[in-house]
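First the structure, in the form of structure tokens, and then the observations on it.
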Number of protein chains: 2
Amino acid sequence: MQQRAVETRGRILEAAVREFSEKGFHGARVDVIAAEAGVNKQRIYAYFANKETLFSEVIRHIFTLIGDEEAIFLDLGEGDAPHMSEILLRHYMFFHARVPEFWRLLAWENLESGRHAHVLKDVRETVFAHLRRIYQAGQRRGIFHGQVSFETYLFILSAIAFFYYANQRTLSHTFNRDLADPAMREQVIRECLALLTIHNHPASTEAISQGVSR
Amino acid sequence: MQQRAVETRGRILEAAVREFSEKGFHGARVDVIAAEAGVNKQRIYAYFANKETLFSEVIRHIFTLIGDEEAIFLDLGEGDAPHMSEILLRHYMFFHARVPEFWRLLAWENLESGRHAHVLKDVRETVFAHLRRIYQAGQRRGIFHGQVSFETYLFILSAIAFFYYANQRTLSHTFNRDLADPAMREQVIRECLALLTIHNHPASTEAISQGVSR
DNA sequence: AATAAAACCAACCAGTTAGTTTGATTTGTG
DNA sequence: CACAAATCAAACTAACTGGTTGGTTTTATT
């Protein structure tokens with residue numbers, strides 16, 4: 001495959017990510033992807049067997065991306081346990097804001113088929129194993145709840161970040177608050193961290209949620 | 001409209017709820033809805049202007065349902081504050097398990113358009129106002145965090161329940177746990193409640209998450 | 001029994017869409 | 001330059017799908 005062909009294939013994939021994440025598998029149009037990529041429709045079928053294969057590649061592409069970005073967590077050590085919740089929550093919140101294609105495709109995927117769940121697992125395994133060790137060390141030091149497993153802990157953090165974006169429209173309406181506003185997001189992050197942090201002295205809680213410089 | 005017609009319209013709506021919640025607006029097929037309702041396709045257009053109107057009715061129907069079921073919270077009083085988190089979390093977890101059409105349609109709606117957000121707001125306003133009063137009274141008694149608003153509190157509970165179901169496939173895979181198993185669900189509920197409850201004595205946390213008879 | 005609403009049957013229409021084909025043109029490389 | 005890979009243009013097919021139509025049958029009501 002020549003360099004030019006590689007680039008064309010790449011442009012198709014990028015356009016497909018946008019189209020599929022916006023409208024899902026059934027709503028997406030192959031002709032739109034071709035137009036958006038500035039490419040002849042025929043080229044799509046030159047590089048991808050059919051619409052479904054293209055969709056699979058899109059999922060694989062975007063699921064790999066979150067795995068790659070999570071790699072920075074490998075730099076964390078046991079000493080980072082006290083502010084690990086904040087680091088993780090901010091990472092996911094910002095990631096979802098920066099790459100809305102991810103949470104959208106994840107949502108579509110869970111609604112429409114769920115055939116690509118294994119991809120997500122594969123790209124995250126290593127980092128999660130690393131984080132689990134830090135968490136368990138933190139548990140022994142009393143930073144994290146003894147009865148709350150690492151899985152549940154990470155589940156809650158993921159749930160907060162995902163739900164904040166995946167239900168932004170309905171939430172903004174229901175609570176009469178504009179969740180798209182960064183200031184609002186900052187407030188929610190602080191409050192969530194306050195709720196998830198163990199406070200040894202329940203009376204004084206001013207120290208928390210002041211943010212950690214990164 | 002005769003009684004028979006009312007029933008036919010009802011059967012169409014029920015079939016439409018199933019079809020739309022399974023496949024979303026674009027994936028759903030009018031012919032399938034007709035077949036599932038055991039009704040002639042023509043009847044659909046006798047009672048609903050078009051596919052989009054039918055979809056709106058479906059959303060309205062299912063959004064009203066959650067509002068109706070939340071009405072039992074009106075029986076709660078300030079004395080229930082200590083176990084309010086448990087009552088709410090269990091309610092939403094069980095509701096999502098019993099009526100998967102709700103979280104699915106909510107997810108579709110947020111992905112596909114978001115035009116019906118106001119419906120959800122309208123049906124929940126009254127109950128939420130009631131719960132807010134209990135929450136704020138609880139805050140004054142130290143049961144809930146002083147810095148965490150009622151909105152954020154309810155947001156987290158909703159996020160946990162929604163995410164647990166909306167991402168069940170990917171989560172089960174990633175964490176190597178079968179979230180469809182009721183025992184697993186029970187464990188997650190307990191751990192989440194442990195994480196969300198204020199513990200005055202961080203060392204002893206056995207007392208919590210033993211469940212509250214309802 | 002008469003009437004009208006409700007429902008059925010089945011063909012049909014028009015627009016859409018994934019995927020193909022044919023043939024011409026451009027571009028990079030030996 | 002010569003050749004092959006890459007791309008374009010545009011028409012085409014076959015299946016699908018939302019919605020309609022015309023004529024017939026069933027069912028409830030008076």
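Reminder, nothing fancy here: chain letters follow the sequence lines and each chain counts from 1.
Between A/R43 and D/dT7 there is a side-chain N or O to OP1 or OP2 distance below 4.0 Å. Checking the phosphate oxygens (OP1, OP2) of C/dA7, a side-chain nitrogen or oxygen of B/Y47 falls inside 4.0 Å.
One atom, CD of B/Q2, and another, P of C/dT3, lie 17 Å apart when rounded to the nearest Å. Distance A/R4 CZ to C/dT26 C1': 7 Å, rounded to the nearest Å. In this entry the distance linking CD of B/E19 with P of D/dT17 reads 10 Å, nearest Å. Regarding A/I44, its CD1 atom lies at a distance of 11 Å from the P atom of D/dC8, rounded to whole Å.
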Where do A/E19 and A/R29 land on the side chain to side chain contact (heavy atoms under 4.5 Å, CB included) test, with the steps shown first?
CA-CA 8 Å; A/E19 176 74 358; A/R29 298 292 167 241; 4.1 Å; yes
Would you check, one step at a time, whether the test ring pair (Phe, Tyr, Trp, His ring centres under 6.0 Å) holds for B/F155 with A/F175?
CA-CA 9 Å; B/F155 160 78; A/F175 290 142; 7.7 Å; no
How would you summarise protein contacts on nucleotides 14-24 of chain C per nucleotide, using B for base, S for sugar-phosphate only and - for none, with heavy-atom distances below 4.0 Å?
---SBBBBB--
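Ring-centre distance between B/F20 and B/F55: below the 6.0 Å cut-off.
For the residue pair A/Y153 and A/S85, a side-chain donor N or O sits within less than 3.5 Å of a side-chain acceptor on the partner. For the residue pair A/Y92 / A/E70, a side-chain donor-acceptor distance below 3.5 Å is found, with atom types taken as modelled.
B/F48 comes within contact range of no nucleotide atom at all, as no heavy-atom separation falls under 4.0 Å.
The shortest heavy-atom contact between B/F73 and B/H130 is O-CD2, 3.4 Å.
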